[in-house]
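If you read the sequence from its start, that first residue is 1, and numbering goes on from there.
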Amino acid sequence: MGKWHWHTGIHALLLFRAQCRPQEAVAAPPPFPMLNGTTGGFNLTNNSSTDRFLNPCTHKNFQPPLYQLDGLSIEKVFVTNESPAGRGYRASVNFNLTDVANNYSLSCTWGPRWDDEGEFWQTQDCMTVPAPVFNTSQTVTLLKLQPESLAMNKSADGPIRLARYWYCDTNGPYPQVYQSHVEITLNVTCPASGRADVASPCVVSNALAPDIKAQWQPTGPLPGTPRLDPKPTASVPAARGLSPPPARDCTDISFTHPDWDMSGFSFIQQEDQWEYRKAKLNVTLHSRASGARYFCRFGDDIVETVDGEMVALCTPLPDGSPNTSLKLTVHYLWQSRALIISEDWVCGDIDGRYSTNFTGTAYINVPTYHNSVSFVADPMTIHGSLQNFYRLTPSRIPGPSGSTNPGCTSRSLSVGDNLFSITKFLYQAANITASWPYYNPNPGQPDNTSHPHSRTLELEFRNEATGLISSCTFNDAALDNTTDRWWSCPFPQPPHTHTFPIHTIDTSIQFNRDSRKLVINQTWFCNDTQSATPFRFTGIGDTSYLPASPPLIAGSSNSTAYSVVCGSWSIFQFPIYCDITYSARWVSLGGHKDGRPGGEMGLRGQYVSQTKLPPNALTSPDPVPDRWSCTVSSLGHGPVVWTLQADEWMVFTSWFAPEKQRSGTVNTKLRFDLSSSVFEDRPGANRPIRAIGSYQPQVSWDDEGAVALTPWLRGFDPTRSYKSADRVVERRWYDPGWDFYEFLSWEVRLDVRTGYMELGHQWYCDDKNPERPIVFDAKWNGYVPLNCTYKFDGEGEHGVKCLPEGGKAVVTPTVDFWTETARIPDPTLVHDPNPSNIVANADHINN
């Protein structure tokens with residue numbers, strides 16, 4: 001053996017170490033079908049050029065690589081001006097690596113690069129000789145070395161490493177891969193200094209073995225790779241509608257009002273001694289959910305009892321909807337005056353696509369009083385619960401704030417009394433005038449022009465009918481001048497929109513600073529009469545009806561600050577001094593400086609309109625037709641359906657990128673969106689569960705997880721699960737995988753080789769009872785056929801990009817659900833000490 005002489009002559013010791021695969025595992029690969037260059041996959045045309053060299057994917061005679069190393073040279077170029085701090089040279093490494101078993105060579109040129117660039121894997125430093133046959137879309141060569149370690153005789157800490165991957169198109173969902181690895185350790189001596197911009201050679205002593213065996217891995221999973229054993233996909237019954245379809249869909253009202261309106265209640269019992277055959281019970285029940293009306297009776301020929309309970313015979317009445325009600329049973333306990341109701345009914349959509357069965361029950365002690373003949377009860381509503389598999393007791397719908405305030409209706413109709421009482425009013429607008437260019441963009445020119453500086457309008461008042469206090473603050477620039485604009489002053493509303501109508505208290509105000517005229521326009525509700533007749537009122541009050549000198553007092557003031565630094569002049573940043581004058585106009589209640597003098601200003605109603613509402617409009621309204629309900633969509637619209645889709649890729653194996661890679665393995669990312677049928681009609685747009693998988697924008701993902709997704713290679717682990725970020729703790733991220741508050745979590749794992757996936761998603765619904773929300777846990781497992789192709793994005797990133805066949809996968813999960821016993825926190829409302837972390841309203845993220 002000879003020597004390579006660069007600077008001083010020493011012997012170089014080359015050590016070749018296997019990386020992963022035991023030596024006895026080396027074997028000739030099985031044959032694979034030839035690739036076609038016309039459709040999909042990894043295009044490699046079978047022509048005379050490729051036939052000159054064997055390919056493990058297409059040639060059965062391909063042998064485990066056996067390398068020979070020659071032409072090794074290492075040089076340092078010392079530089080003086082361009083080097084980063086602490087470095088003064090660039091390094092270059094060149095060598096040839098010939099695969100004598102398969103008759104091709106790799107010509108590798110590394111550098112010139114700074115010494116720390118050896119920490120990365122490089123992807124375009126080795127080319128095949130004589131032609132770039134293997135540098136096709138199906139072959140990847142990675143090279144890594146650290147010249148500083150070589151030069152310091154520490155090559156054992158930083159050897160030359162070379163890895164090759166051959167990806168094969170087997171017309172399957174994901175290509176199979178062959179791989180070889182070699183690791184070379186050298187003893188090198190390099191000069192510590194030299195002439196600038198002149199190559200200074202290093203010296204390596206040569207004691208090379210004639211042939212270097214690579215660590216060879218035929219296609220297939222590595223020994224010890226965890227297995228994700230597929231489970232049978234659960235069968236979900238198909239949706240079934242009613243035939244013929246009903247005239248109305250009672251699904252939503254069943255989840256909202258499983259109630260009965262009771263009337264005509266009377267009970268007669270034996271005066272001296274109780275005898276069932278002499279007792280009589282009559283009651284009429286109207287089901288809010290099914291729409292059916294029943295007349296129920298006990299007595300005469302109907303005397304059946306069960307465990308001491310009277311069993312009434314219930315007959316449907318023709319003015320109800322008996323076709324939706326399947327059965328109604330009524331039991332009565334005469335000692336406690338308790339009425340027990342149970343009804344079975346079915347609801348379906350008017351198009352005949354789906355149907356839902358319900359069972360509702362109620363137990364109530366009927367408040368009765370005795371007339372001269374029998375015990376009777378006033379008409380009333382009996383609130384029930386759903387009992388079959390829903391276990392839901394809808395919460396009572398609260399009426400508008402202040403609607404039951406005593407005297408609400410009478411005060412609203414009283415023309416002579418004050419309608420509103422102003423407890424605070426303050427308007428102020430300030431202008432600023434500077435003797436030098438404080439606002440003027442022309443340096444050196446005097447200004448002396450008045451400019452708007454600040455403005456505010458604050459109002460607090462009480463509605464005398466409802467007793468509610470409203471307060472508003474405005475800072476709009478329109479307040480700098482006289483305006484007749486109307487300003488909305490919203491009253492606080494419940495945090496979430498339910499399917500029943502929310503009767504909002506709407507307020508708007510108008511103010512003219514010159515005339516000091518203030519107008520308040522408000523809509524409110526009253527439901528305080530003995531007959532429980534609800535009303536909606538709209539009233540307008542303004543200061544025009546006050547005496548000539550209303551207690552809204554106007555004024556103005558001026559103040560000047562002298563020799564204030566208000567800018568700088570010229571490149572020398574000379575300070576500019578100016579005199580600044582503040583001019584303020586204000587209108588205040590009682591002339592008080594903060595607009596709250598302690599007294600009140602009353603406003604009589606200039607105009608009050610009233611609208612009589614249906615008896616249950618405020619306390620028990622019907623759901624608004626076609627308004628989206630999370631509960632109804634989850635439980636009453638047939639099986640839940642998921643659509644899995646992605647824009648550019650669902651699975652992306654990054655072969656190499658224009659920038660350096662920090663890992664000797666090949667990373668794979670998983671990302672897709674899940675569109676659920678539950679949320680497809682949600683107001684504001686169909687929002688999918690975004691970025692499910694190992695990779696999410698603005699959320700870090702670890703290399704270990706990315707490696708675990710790459711088939712055939714080291715670290716591949718299809719059993720690894722990927723989970724969503726915590727919806728409360730991680731809400732600071734704009735893309736943690738959710739953007740509406742009902743979302744709870746997702747979890748997924750995928751065997752990229754086969755397309756087998758296990759997917760879970762949790763959400764909850766609280767639109768029927770916020771105190772007892774329903775939690776849904778949906779799971780699906782099965783195969784997502786992948787269509788994988790080689791892609792080059794035009795910016796240097798190459799790799800395997802896979803999408804579901806047809807662009808999307810539609811699956812039907814199984815769904816379990818249960819009722820929680822407490823509210824579930826809304827992450828958009830949870831306090832965060834860092835305001836920058838809080839998303840004001842998740843419904844508006846990335847709309």
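Looking at V346, T251, D344 one by one, the single match for side chain to side chain contact (heavy atoms under 4.5 Å, CB included) with F358 turns out to be T251. Checked against R288 for a side chain to side chain contact (heavy atoms under 4.5 Å, CB included), the options S620, S254, C250 give a single hit: S620.
K808 is not listed as a side-chain neighbour of L644, based on a closest heavy-atom distance of 4.5 Å or more. A heavy-atom distance below 4.5 Å is not found between the side chains of M310 and E304. Side-chain atoms of F776 and D816, non-hydrogen and from C-beta on, never get closer than 4.5 Å to each other. By the 4.5 Å heavy-atom criterion applied to side chains, D528 and N405 are not counted as neighbours. Looking at heavy atoms from C-beta onward, T359 lies out of side-chain contact with E343 at the 4.5 angstrom threshold. Using a 4.5 Å heavy-atom threshold, the side chains of P770 and S395 count as touching. Residues R293 and T284 meet the side-chain proximity criterion, which asks for heavy atoms closer than 4.5 Å. N527 has its side chain within reach of T619: a pair of non-hydrogen atoms, C-beta onward, lies under 4.5 Å apart.
Residues S385 and T393 bring a donor and an acceptor atom of their side chains to less than 3.5 Å of each other. One side chain, T523 or T538, offers a donor N or O that lies under 3.5 Å from an acceptor on the other.
No donor-acceptor pair under 3.5 Å is formed between the side chain of N781 and the backbone N or O of P230. T324 places a side-chain N or O within donor-acceptor distance of the main-chain N or O of S290, the cut-off being under 3.5 Å. D777 places no side-chain N or O within donor-acceptor distance of the main-chain N or O of Q762, the cut-off being under 3.5 Å. Distance alone, capped at 3.5 Å, is enough to place a donor-acceptor pair between the T466 side chain and the L468 backbone. Side chain of H503 to backbone of A617: a donor-acceptor contact under 3.5 angstrom is found. Listed for the R627 side chain is no donor-acceptor partner under 3.5 Å among the backbone atoms of V624.
Residue R240 places its CZ atom among 12 or fewer non-hydrogen atoms of other residues, nucleotides or ligands, all under 6.0 Å distant. Under a cut-off of 6.0 angstrom, the local environment of CG in D229 is crowded, with over 12 non-hydrogen atoms contributed by other residues, nucleotides or ligands.
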Would you please test R297 and D301 for salt bridge (charged side-chain N to carboxylate O under 4.0 Å, His left out) and show each step? CA-CA 10 Å; R297 68 185 181 89; D301 58 329; 3.4 Å; yes
How far apart are the C-alpha atoms of T381 and D261, what are their side-chain angles, what is the distance that settles it, and do they pass the side-chain hydrogen bond (donor to acceptor under 3.5 Å, both in side chains) test? CA-CA 4 Å; T381 297; D261 292 329; 2.9 Å; yes
Just do the side-chain hydrogen bond (donor to acceptor under 3.5 Å, both in side chains) check on S266 and S374 with the steps written out, would you? CA-CA 6 Å; S266 68; S374 63; 4.9 Å; no
Trace of the side-chain contact (heavy atoms from CB on, under 4.5 Å) decision for L392 with F255: CA-CA 8 Å; L392 171 66; F255 283 112; 3.9 Å; yes
Would F672 and V748 count as a side-chain contact (heavy atoms from CB on, under 4.5 Å) if you check the C-alpha gap in whole Å, the side-chain angles of each, and the deciding distance to 0.1 Å? CA-CA 11 Å; F672 61 93; V748 64; 4.2 Å; yes
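Here the two rings, on W763 and F743, have centers that are 6.0 Å apart or farther. Aromatic ring centroids of F267 and Y332 lie under 6.0 Å apart.
Annotation: ring-ring contact (aromatic ring centres under 6.0 Å, His included) contacts of H286 (sequence neighbours excluded): none.
Between I364 atom CD1 and M262 atom CE the span is 7.0 Å, to the nearest 0.5 Å.
Taking the charged nitrogens against the carboxylate oxygens, E758 and K779 have no contact shorter than 4.0 Å, which rules out a salt bridge.
Counting all heavy atoms, side chain and backbone alike, C296 lies closest to A312 at CB-CB, 4.1 Å.
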